[in-house]
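Have a look at the structure below before the remarks.
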Amino acid sequence: MCGIGACISLLYENVAPKILRMLKNLEYRGYDSAGIAVVSANGRIDIRKDVGKIDELDEKLGFGEMQGALGIGHTRWATHGVVNKTNTHPHTDCTGKIIVVHNGIIENMKELKEFLTNRGHKIVSDTDTEIVPHLIEEFLKEGKGFMSAFEKALSKLKGAYALAIIFLEERDRIYFARFFSPLVIGIGEKEYYVASDVPAFLEWTRKAIVLQDGDYGFISRDGIVINNLFTGGKVDREILVIEWTKEMVEKGGFPHFMLKEIHEQPQSVKRTLIMAEKQIDGVISYLDQARDIYLVAAGTSYYAALHGQYAFAKYGLKARAVIASEFVEEVGSFIDEGDVIIGISQSGETADTLRAIRLAKRRKAEVLSITNVVGSSIYRESLKSIIMGAGPEIGVAATKTFTAQTAVLDYMVLKWAKEHGMDVEDLIKRLKKVPEDISVVIKENENKAKELSKILTKKANAYYLGRGIGLPIALEGALKMKEIAYLHAEGYPAGESKHGPIALVEEGFPIVTVVLRDETYDKMHIAIEEMKSRGGYIISVVEKNDSSTIRLSDYSFLVPVGYSNIIAPLLYVIPLQLLAYYTAVIRGYDPDKPRNLAKSVTVD
Ligand code: F6R
């Protein structure tokens with residue numbers, strides 16, 4: 001949701017190529033438009049910006065050739081104001097001396113704009129961001145220096161912000177501030193960086209400081225100064241050494257990150273399980289003592305949460321999955337001391353999920369989380385966070401983090417069941433073996449997905465049906481297809497499909513079914529027969545030796561036998577990820593950058 005990439009060279013080298021690279025590394029956060037501002041040695045500011053993707057803009061505007069040893073850049077996912085050049089960051093004040101990039105939403109923009117225009121400021125864009133340089137400009141008139149004007153401006157802002165700012169009269173500093181929207185500082189040998197996310201600078205340094213709410217300050221060649229608005233005065237923040245590697249944020253020979261990440265799932269699930277084993281201590285006792293358990297998440301992570309609800313229920317552990325943005329209205333009034341909330345979030349920064357866990361904390365509930373990013377907001381605000389070992393996920397559509405999340409939830413409930421005397425040893429063993437079988441599923445289904453995508457590309461709609469443990473898989477499969485291939489795909493509980501959705505089914509209508517050989521099997525067959533008798537084109541994901549479902553289907557993806565249980569998502573979702581990927585590619589879309597989406601949704 002907008003990416004900030006800023007850099008100061010300690011050796012006075014040109015930073016534009018690095019800022020350009022940072023923006024490319026952050027493009028998954030937004031790609032409506034982009035801009036860079038660089039200060040040259042003689043103190044002149046060069047600002048280049050326009051609508052388009054980073055590579056196109058670099059060719060058009062020559063980002064990489066900009067001269068100067070300090071600069072800030074931004075890739076935008078529009079919130080306030082249409083996608084055009086004027087609304088593209090960086091934004092400046094009336095004097096052109098204060099240059100700002102921003103991620104977040106300033107909620108009291110209207111009243112601040114009125115305050116500023118009444119004082120003669122000329123605001124040229126429709127963005128909330130442009131308020132910031134003008135506010136600082138206004139408070140500079142008080143004559144107490146930039147830092148004081150900056151602090152005062154921050155104290156007036158309501159909403160969420162991550163900011164990087166250049167003030168031309170102090171051109172050896174990059175000012176920054178963070179409230180609610182993520183911002184990290186990278187500490188390199190030859191540069192300091194300020195960025196929305198660690199992958200921005202991972203190719204140069206793994207040392208990072210994760211800024212916290214209320215932090216503001218500056219980086220300069222003399223070091224890093226961090227203050228906090230709420231505690232007052234300077235603060236020390238720990239320097240983390242991030243375990244991700246540079247290779248993890250490269251395509252490694254694959255045409256897209258999404259395909260690379262689908263193929264990485266054997267390793268990512270394996271790593272996740274090893275890490276979960278080390279982190280599970282203490283979690284089980286929270287589950288035991290909980291009054292009620294809520295699994296809270298958004299998008300794909302919500303489908304993982306829903307899987308958790310079904311998986312927990314299989315072993316008699318009651319939990320409720322709640323969509324994070326509905327949390328307040330749906331269950332907010334029930335949350336109380338003794339409840340356990342498990343926030344599930346790849347980024348650890350999703351605003352909806354963060355707000356839900358903050359509400360739970362205010363109600364004195366215990367907050368745990370499953371995240372992929374050490375130091376992220378949700379990680380920090382949880383009593384205990386289980387970090388998945390998925391590694392950075394760059395493709396906007398979540399793939400390897402969905403399987404990692406379901407692996408953690410499965411492991412959690414199996415551990416709980418074991419501690420309660422249930423015989424789950426075989427399933428734990430199978431879970432550990434699953435990475436090998438994921439490789440088999442990819443190998444045996446990739447060409448099939450390619451082939452089937454040629455049929456699906458001609459279709460406008462599809463249903464994805466599942467039941468029980470199969471339902472979240474169907475929902476996730478449909479979301480993948482919808483978001484990257486722009487094919488209207490609806491996930492539905494199979495039994496519910498006859499209560500309305502079936503009205504749309506006619507000759508050749510694609511129905512993707514997730515068929516597990518468990519207690520839902522016969523009912524799934526009934527749903528398939530109902531769809532088939534109305535002309536539905538049946539695509540199934542089934543166990544290899546399930547000849548009866550294979551016979552009923554027009555097309556089948558096959559998975560190894562023995563996973564018709566809570567581990568199912570780890571295998572069954574993979575053909576659906578591949579199908580969405582190849583349908584997007586055949587339709588000519590970039591699966592890594594689906595339109596209107598951003599990887600990390602840090603606004604409401
Ligand atoms: C879909 C997708 C999104 C995210 C959602 C939550 O492919 O990636 O639906 O799952 O925005 O993001 P996190 O997991 O970062 O909280």
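Just follow the structure's listing: the first ligand is 1, and inside any ligand the first atom is 1.
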TODO: Check each heavy atom of Glu483 against ligand 1 and say whether those closer than 4.0 Å belong to the side chain, the backbone, both or neither.
DONE: side chain

Open item on the list: Heavy-atom pairs closer than 4.0 Å: do any link ligand 1 to the side chain of Thr401, the backbone, both, or neither?
Closed with: neither

Are any of the N/O atoms on [X], whether in the backbone or the side chain, positioned under 3.5 angstrom from an N/O atom of ligand 1?
X	result
Thr353	no
Gln346	yes
Ala398	yes

Open item on the list: Any side-chain to backbone donor/acceptor pair from Ser196 onto Ile4? Under 3.5 Å, distance only.
Closed with: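 Yes.
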
Open item on the list: Could you check whether any side-chain N or O of Ser268 sits under 3.5 Å from a backbone N or O of Gly389, counting only pairs where one atom can act as donor and the other as acceptor?
Closed with: no

TODO: Report yes or no: does a heavy atom of Asn372 sit under 4.0 Å from some atom of ligand 1?
DONE: no

Enumerate the atoms of ligand 1 whose separation from the nearest heavy atom of [X] is less than 4.0 angstrom.
X	result
Gly299	9 (O), 10 (O)
Val396	8 (O)
Ala397	7 (O)
Lys480	1 (C), 7 (O)

Distance-only check: which donor-acceptor pairs under 3.5 Å involve side-chain atoms of residues 391-400, not counting sequence neighbours?
residue : atom : partner : partner atom : Å
Glu393  : OE1  : Thr401  : OG1          : 2.8
Glu393  : OE1  : Lys599  : NZ           : 2.7
Glu393  : OE2  : Thr399  : N            : 2.8
Glu393  : OE2  : Lys400  : N            : 3.2
Glu393  : OE2  : Thr401  : N            : 3.2
Glu393  : OE2  : Thr401  : OG1          : 3.1
Lys400  : NZ   : Glu264  : OE1          : 2.7
Lys400  : NZ   : Ala390  : O            : 2.8
Lys400  : NZ   : Pro392  : O            : 2.9

TODO: Determine whether the aromatic ring centres of Phe402 and Tyr303 lie less than 6.0 Å apart.
DONE: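 Between Phe402 and Tyr303, the centre distance exceeds or equals 6.0 Å.
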
Task: All pairs passing salt bridge (Lys or Arg N to Asp or Glu O under 4.0 Å) where residues 358-383 contributes a residue, at least two apart - done: Asp213-Arg358, Arg358-Glu381, Lys361-Glu381

- [ ] Using the salt bridge (charged side-chain N to carboxylate O under 4.0 Å, His left out) rule, take Glu27 and Lys593 through it: C-alpha gap first, then chi angles, then the decisive distance, then the call.
- [x] CA-CA 8 Å; Glu27 217 177 356; Lys593 300 192 188 86; 3.5 Å; yes

Open item on the list: Are there over 12 heavy-atom neighbours, none belonging to Glu243, within less than 6.0 Å of that residue's CD?
Closed with: no

